Amino acid sequence: MINVTHRTIQDVPVLEVVVETLLTTPLPLVVFYHGWRSNQELVLTQARKLAQKQLRVVLPDAPNHGQRLHPVSTLPSLTFWNSIQGNLAEFDLIIKHYDQRALIRAHQIGVGGYSMGGMTTGALLTHHPEIKAATIIMGTPNLNAYAQLVRNYAAKQHVYLPADMADITSWISHYDLNQHPETIAQRPVLFWHGTEDERIPYEQARDFFDRIHGQPYAEQVAFITGYRAKHLVKVPLMNKVANFFDYYLNV
């Protein structure tokens, strides 16, 4: 049986998902992030599939989401970037919580996410060498290109956006995997993106993969194209994600 426990780590609400008989057993840890305007409970199916592989899965609610829901700013993408920034700031807190309880087996840590959660994952790779494997599902690794896309769209729609929005979110460049691809450092990373994604352009992820493919630091990076697929995760993909983490973390 899979056990789902609500926890609060300092002020971060999380769901911990693990096989009931392994509650106090050290296991590889997977932190999995939900998408924009979603919440931890909407990635529970993925978490259960991961837990069935004898992994401990932690699903945080991003700032401004789930139990931390707040109104979205009328300034395009401001709340979106604040949410990702909060995920980045709180990652160490989550890892230390489980490390101090001696529940992470052999420092095996994985990170993954859908959409905004995939973007969070790519950003974390730039600063956290302790991550052993990662999945970026429907998320662009090119944060600056996506930010520019939003700014261009706002201008076309005549929606107010501060002229210095790029400066206000300048922290993005420090966490932009597209600008720091060498930080992948030969770690296994799985990308999946649908060609008909209506929210995050397929080309941003695919172009990144094509550019780094063949580089020594990217020798374990794989890309799966969802032909004619939109911004949606289906069960077969969830199984691929579970198998990926099982293969690379249960060693």
Side-chain angles (χ1 to χ4, degrees), residues 1-35 38-63 65-68 83-84 86-114 116-118 120-137 183-190 220 238-251:
M1 179 180 289
I2 303 297
N3 186 82
V4 179
T5 304
H6 290 261
R7 297 191 186 282
T8 301
I9 302 175
Q10 198 161 303
D11 58 349
V12 182
V14 307
L15 293 180
E16 181 183 329
V17 186
V18 64
V19 172
E20 190 169 30
T21 57
L22 300 174
L23 277 171
T24 59
T25 302
L27 299 171
L29 179 70
V30 176
V31 182
F32 204 89
Y33 292 95
H34 63 74
S38 181
N39 60 61
Q40 55 186 204
E41 296 193 355
L42 293 181
V43 285
L44 262 176
T45 300
Q46 178 69 81
R48 288 190 173 98
K49 289 182 176 294
L50 289 163
Q52 287 169 358
K53 303 294 185 180
Q54 298 193 345
L55 302 165
R56 187 182 312 280
V57 188
V58 177
L59 309 175
D61 262 339
H65 293 75
Q67 295 179 49
R68 313 159 90 182
S83 300
I84 292 180
N87 282 342
L88 302 180
E90 294 165 354
F91 178 73
D92 266 340
L93 177 68
I94 294 168
I95 298 304
K96 287 178 180 177
H97 173 82
Y98 286 95
D99 191 37
Q100 289 169 357
R101 295 169 63 201
L103 289 175
I104 305 176
R105 191 179 76 206
H107 306 289
Q108 291 294 93
I109 298 169
V111 179
Y114 298 156
M116 182 183 78
T120 295
T121 299
L124 285 169
L125 284 172
T126 66
H127 280 66
H128 292 277
E130 70 272 23
I131 297 171
K132 299 299 192 296
T135 59
I136 298 174
I137 310 301
T183 58
I184 292 172
Q186 300 180 311
R187 288 176 289 180
V189 180
L190 174 65
Q220 294 197 87
M238 294 182 189
N239 291 333
K240 289 182 186 295
V241 170
N243 290 337
F244 173 87
F245 282 117
D246 180 31
Y247 183 83
Y248 285 108
L249 296 182
N250 275 319
V251 294

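Every value quoted in this text rests on a predicted model; they were computed, and no experiment measured them.
Closest heavy-atom contact between Pro188 and Tyr248: CG-CD2, 3.3 Å. Nearest heavy-atom pair across Pro60 and Ile94 is CG-CD1, 3.7 Å. Between Thr121 and Gly113 the shortest heavy-atom distance is OG1-N, 3.5 Å. The shortest non-hydrogen separation linking Leu190 to Ile137 is O-CD1, 4.5 Å. Met116 approaches Ile84 most closely through the heavy-atom pair CG-CG1, 3.5 Å. Across all non-hydrogen atoms, the minimal contact from Leu59 to Ala47 is CD1-CB, 3.7 Å.
Under the ring pair (Phe, Tyr, Trp, His ring centres under 6.0 Å) criterion, Tyr114 pairs with Phe32, sequence neighbours left out.
The shortest distance between side-chain heavy atoms of Glu130 and Asp92 falls below 4.5 Å. You'll find the side chain of Lys53 stays beyond 4.5 Å of the side chain of Pro28, heavy atoms only. With a 4.5 Å cut-off on side-chain heavy atoms, Leu29 and Leu103 do not count as touching. Between Val30 and Val58 the shortest side-chain heavy-atom distance does not fall below 4.5 Å. Inter-residue side-chain proximity for Met238 and Arg48 is flagged as unmet; no heavy-atom pair is nearer than 4.5 Å. Two residues are said to be in side-chain contact when any heavy atoms from C-beta on lie closer than 4.5 Å; Arg105 and Leu249 fail this criterion. At a threshold of 4.5 Å between non-hydrogen side-chain atoms, the residues His34 and Glu41 do not count as touching. With contacts defined as side-chain heavy-atom distances shorter than 4.5 Å, the pair Arg187/Ile131 qualifies.
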Begin from the C-alpha positions of Tyr98 and Val31 and carry the test side-chain contact (heavy atoms from CB on, under 4.5 Å) through to its verdict.
CA-CA 11 Å; Tyr98 286 95; Val31 182; over 6 Å; no
Verdict with supporting geometry, Leu88 and Leu124, side-chain contact (heavy atoms from CB on, under 4.5 Å)
CA-CA 7 Å; Leu88 302 180; Leu124 285 169; 3.7 Å; yes
Evaluate the side-chain contact (heavy atoms from CB on, under 4.5 Å) criterion for residues Val17 and Leu50: first the C-alpha distance (whole Å), next the side-chain angles of each, then the deciding distance (0.1 Å), finally the verdict.
CA-CA 9 Å; Val17 186; Leu50 289 163; over 6 Å; no
Check: Would Leu22 and Gln54 satisfy side-chain contact (heavy atoms from CB on, under 4.5 Å), going step by step from the backbone distance to the final call?
Finding: CA-CA 8 Å; Leu22 300 174; Gln54 298 193 345; 4.0 Å; yes
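For the pair His65 (side chain) and Pro63 (backbone), a donor-acceptor distance under 3.5 Å is present.
Atoms CZ and CG, on Phe245 and Leu55 in that order, are 8.5 Å from each other to the nearest 0.5 Å. From Asp246, atom CG reaches atom NZ of Lys49 across 13.0 Å, with rounding to the nearest 0.5 Å. A distance of 11.5 Å separates CD in Gln10 from NE2 in His97, rounded to the nearest 0.5 Å.
Listed by first and then second residue, the salt bridge (Lys or Arg N to Asp or Glu O under 4.0 Å) pairs involving residues 6-30 are Arg7-Glu16, Glu16-Arg56 (not counting sequence neighbours).
For the side chain to side chain contact (heavy atoms under 4.5 Å, CB included) criterion with Leu15, the lone passing option out of Leu44, Val43, Val57 is Leu44.
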